[in-house]
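Written out below as structure tokens is the structure these notes cover.
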Amino acid sequence: MRRLFIFTALIIFVRITAVAQSSAITFTDVSAASGMNAAHVSTPENRYIVESMSGGAAVFDCDNDNFLDAATINGSSVENFKKGGDLFVTLYRQINPEKSKTPTFENITQSANLTRKGWGMSVTAVDYDSDGVLDLFVTGFGGNAVYRGKGGCKYEDATEKTNLKGEGFQTGAAWADYDRDGDLDVFIAGYVLLDLNNLPVFGSSQTCSFKNIRVQCGPRGLPGERDYFYRNRGDGTFEEIAEKIGVADKEKYYGLGAIWGDYDDDGWLDLYVADDGTPNYLYKNNRDGTFADVGFQTGTSYSGDGVEQGSMGVAWGDYDNDGKLDLFTTNFDNEPNTLYRNLGVKGFLDVSLETKVGQPSKPFVGWGTGLVDFDNDGWLDLFVVNGHVYPQIEFAKSDTQQGFRQHFLLHRNTGDGKFDDATKGAGLQNLPLKSRRGAAFGDLNNDGLIDVVVTNLGEPPTVLLNTSENANQSVTFKLVQNGKNKDAVGARINVKTDKRRMTQTVEAGASYLSQNDFRLHFGLNISEKIEAVEVRWSDGKTETISGAAPNRILTVTQNKGITTTGVYHAR
């Protein structure tokens, strides 16, 4: 009997171990093979703050072949900018996607007519003029760029026509139909006021040093920049109304990341702004065309200790599958990244330490991020890209101080309200160290696993192919909405299975100065069955979808249900 008990226990242990191993997350660095080889422009010393902040990425389908293409920000330098600047963005089209498991891309920036020069910061891809073709919007230092899509990855420069050129130091952009008139409007965060003809002197004051090392100046010590909100007039032009609707940032905090999400589940999108070294904003949509800042009341302006943090990247996601959107921000050196759990009417609770995502992040400077189910187990994991702003810190590395170039962080959701540090197991600690910035998430090769495109300061992008091996399933939804907002930006899907409830939102602007795939991806356990799918469109109308099956890419058209079904590519 004792032997039988031991034998049975051993079998159970092996089975549990096998399940745990089958849920491991792994990534393969395919950067060299991908063809994404345009180096981001920066300087070795980063003597000025503007030289250390740039670098968003976007994944989207520019040629309507149902495979993702990509755009990465190019950056610039003070010297280059004074001579006219650099190309705002590099556009990569995926080539021969049906024939290769490894996504490969070609640089089509010139043929696409993306030739305006400046100093790019963030990139988003939306159909702002509702003609059925995605356009590109790039924020920048000293002015933005607007490229109107003509189809087939071709564009025309519409910067001057749209009234979106702007000025100053504009960073994170996020799009939504905030007033439900059908048109997409855009919020843009402002960072610091900087005069290139009167730049602060490197290492010249207390706000130009870090741990007794002379470094670039700011953001503290520099005047902040206001934020902007451009309402779509519906004729291809925009009007700036931030002050009128209550999102102009009168305090002039140092704005970086921006993202829309319906945190209170009232059917109207709210706005979160990550500010660097100053309180963050959570703007509640008043449903009358205006907003109210509820960051302090909800507990999302500061850390749980009531401390301002150097917040850069931001993500919404329901990590505990309770039907409410939780919030995650990446922060500066020695400031733990923050996970805010949504408690409903009670606001948010900082659960960074108890969920085990805070402490591992303290030595790092976090930027791009996403709440993504990488192993298809039905629980959202956390991915963070890191890198310091001071190259000079490389010479002061220690057991407690990371250098300028840093590792990724991957937190695997264990489904019990906590996360495990899965960075090493995923193979991410073996990759070359870089100072990274933006991160965009999407299924590049349509195999049912989410991949990552990362921008690196002064270097070419990193492309991480998700090569996790397990028997789990997933389902991907591409939403097509009636009216002007055809890509259903702001729409929300609730998926109910026999094991859980999951919710996600179509976002245009997230992470750090980046944009993820519009398609929504839900992981499912081996035998998990979909019982119900509900779509709440951006116009507030809801619809129940029938016939959703796993291991498919399903196109859902408003009022028509599932209109197209595609099967995942073999891994």
Side-chain angles (χ1 to χ4, degrees), residues 31 34 36-43 46 49-60 62 68-78 80-81 84-93 105 107-110 112 114-126 134-147 155 157 159 164-166 169-175 186 188-191 255-258 312-313 367-369 385 387 389 434-442 452-463 508-516:
S31 306
S34 73
M36 291 194 193
N37 54 15
H40 175 274
V41 180
S42 186
T43 60
N46 284 2
I49 191 169
V50 66
E51 294 179 330
S52 63
M53 306 304 293
S54 167
V59 289
F60 60 101
C62 73
L68 294 177
D69 310 294
T72 57
I73 289 295
N74 291 325
S76 192
S77 66
V78 169
N80 286 10
F81 190 70
D86 292 273
L87 292 176
F88 272 98
V89 69
T90 296
L91 178 63
Y92 298 98
R93 181 171 57 193
F105 300 81
N107 183 338
I108 60 168
T109 308
Q110 292 294 331
L114 305 178
T115 55
R116 178 178 284 261
K117 291 186 177 181
W119 199 325
M121 292 290 159
S122 76
V123 56
T124 49
V126 299
L134 289 178
D135 314 298
L136 281 176
F137 178 58
V138 185
T139 66
F141 173 72
N144 309 318
V146 184
Y147 296 110
Y155 299 85
D157 192 325
T159 307
L164 286 174
K165 182 178 181 180
F169 198 157
Q170 300 195 18
T171 53
W175 296 79
V186 61
I188 309 172
Y191 191 47
L256 289 174
M312 271 81 78
W367 301 86
T369 188
V385 308
V389 294
K434 299 179 185 296
S435 188
R436 309 181 192 276
R437 292 297 181 266
F441 302 87
V452 194
V453 176
V454 180
T455 53
N456 304 308
L457 202 67
E459 301 185 61
T462 297
V463 183
S511 183
Y512 177 73
L513 313 187
S514 298
Q515 179 174 306
N516 305 322

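Interatomic distance, CG of Leu164 versus OG1 of Thr139, reported as 11.0 Å (0.5 Å rounding). The structure places CD of Glu459 at 8.5 Å from CG of Leu457, a figure rounded to the nearest 0.5 Å. With rounding to the nearest 0.5 Å, the separation of CE in Met121 from OG in Ser76 is 8.5 Å. The CG atom of Asn37 lies 5.5 Å from the OH atom of Tyr92; values are rounded to the nearest 0.5 Å. Atom CE of residue Met36 and atom CZ of residue Phe105 lie 3.5 Å apart, to the nearest 0.5 angstrom. For the atom pair CG (Asp157) and CG (Leu114), the distance works out to 9.0 Å, reported to the nearest 0.5 Å.
Closest heavy-atom contact between Tyr147 and Thr115: OH-N, 3.8 Å. Among all heavy-atom pairs drawn from Arg116 and Ala145, the shortest one is CD-CB, 3.8 Å. Across every non-hydrogen atom of Ser52 and Trp367, the tightest pair is O-CH2, 4.3 Å. Scanning both residues, Thr462 and Asn456, for their nearest heavy atoms gives OG1-ND2, 2.9 Å. Heavy atoms only, all atoms of each residue included: Tyr155 and Cys62 are closest at OH-CB, 3.6 Å. Shortest non-hydrogen contact noted between Val385 and Arg437 is CG2-O, 3.1 Å.
A donor-acceptor contact shorter than 3.5 Å links the side chain of Ser54 to the backbone of Gly120. With hydrogens and angles disregarded, a donor-acceptor distance shorter than 3.5 Å links the side chain of Ser511 to the backbone of Thr369. In terms of modelled atom types and a separation under 3.5 Å, the side chain of Thr109 and the main chain of Leu91 share a donor-acceptor contact. Judged by distance alone, the side chain of Asn74 and the main-chain N or O of His40 form no donor-acceptor pair under 3.5 Å. Remark: the backbone N or O of Val463 is paired with a side-chain donor or acceptor of Ser31 at under 3.5 angstrom. Side-chain N or O atoms of Ser122 include one that pairs as donor or acceptor with a backbone N or O of Thr171 at under 3.5 Å. The main-chain N or O of Ala125 is found under 3.5 Å from a side-chain atom of Gln515 such that the two form a donor-acceptor pair. Between the side chain of Thr455 and the backbone N or O of Gly55 there is at least one donor-acceptor pair closer than 3.5 Å. Side-chain N or O atoms of Asn80 include none that pairs as donor or acceptor with a backbone N or O of Asp86 at under 3.5 Å.
Phe169 and Phe141 have perpendicular rings, their planes meeting at more than 60° on a 0 to 90° scale where under 30° would count as parallel.
Applying the side-chain hydrogen bond (donor to acceptor under 3.5 Å, both in side chains) rule to Thr43 yields the partners Asn46, Glu51; only residues at least two apart in sequence or on another chain are considered. By the side-chain contact (heavy atoms from CB on, under 4.5 Å) test, Ala510 pairs with Ile259, Glu507, Asn516, sequence neighbours left out.
The closest side-chain heavy-atom distance from Val50 to Tyr191 is not below 4.5 Å. Side-chain contact between Ile73 and Leu513 is absent, with no heavy-atom pair separated by less than 4.5 Å. Within the 4.5 Å cutoff, no side-chain heavy atoms of Val123 are placed close to those of Thr72.
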(message) Please determine whether side chain to side chain contact (heavy atoms under 4.5 Å, CB included) holds for the pair Asn144 and Lys165, giving the CA-CA distance in whole Å, both sets of side-chain angles, and the decisive distance to 0.1 Å.
(response) CA-CA 5 Å; Asn144 309 318; Lys165 182 178 181 180; 5.6 Å; no
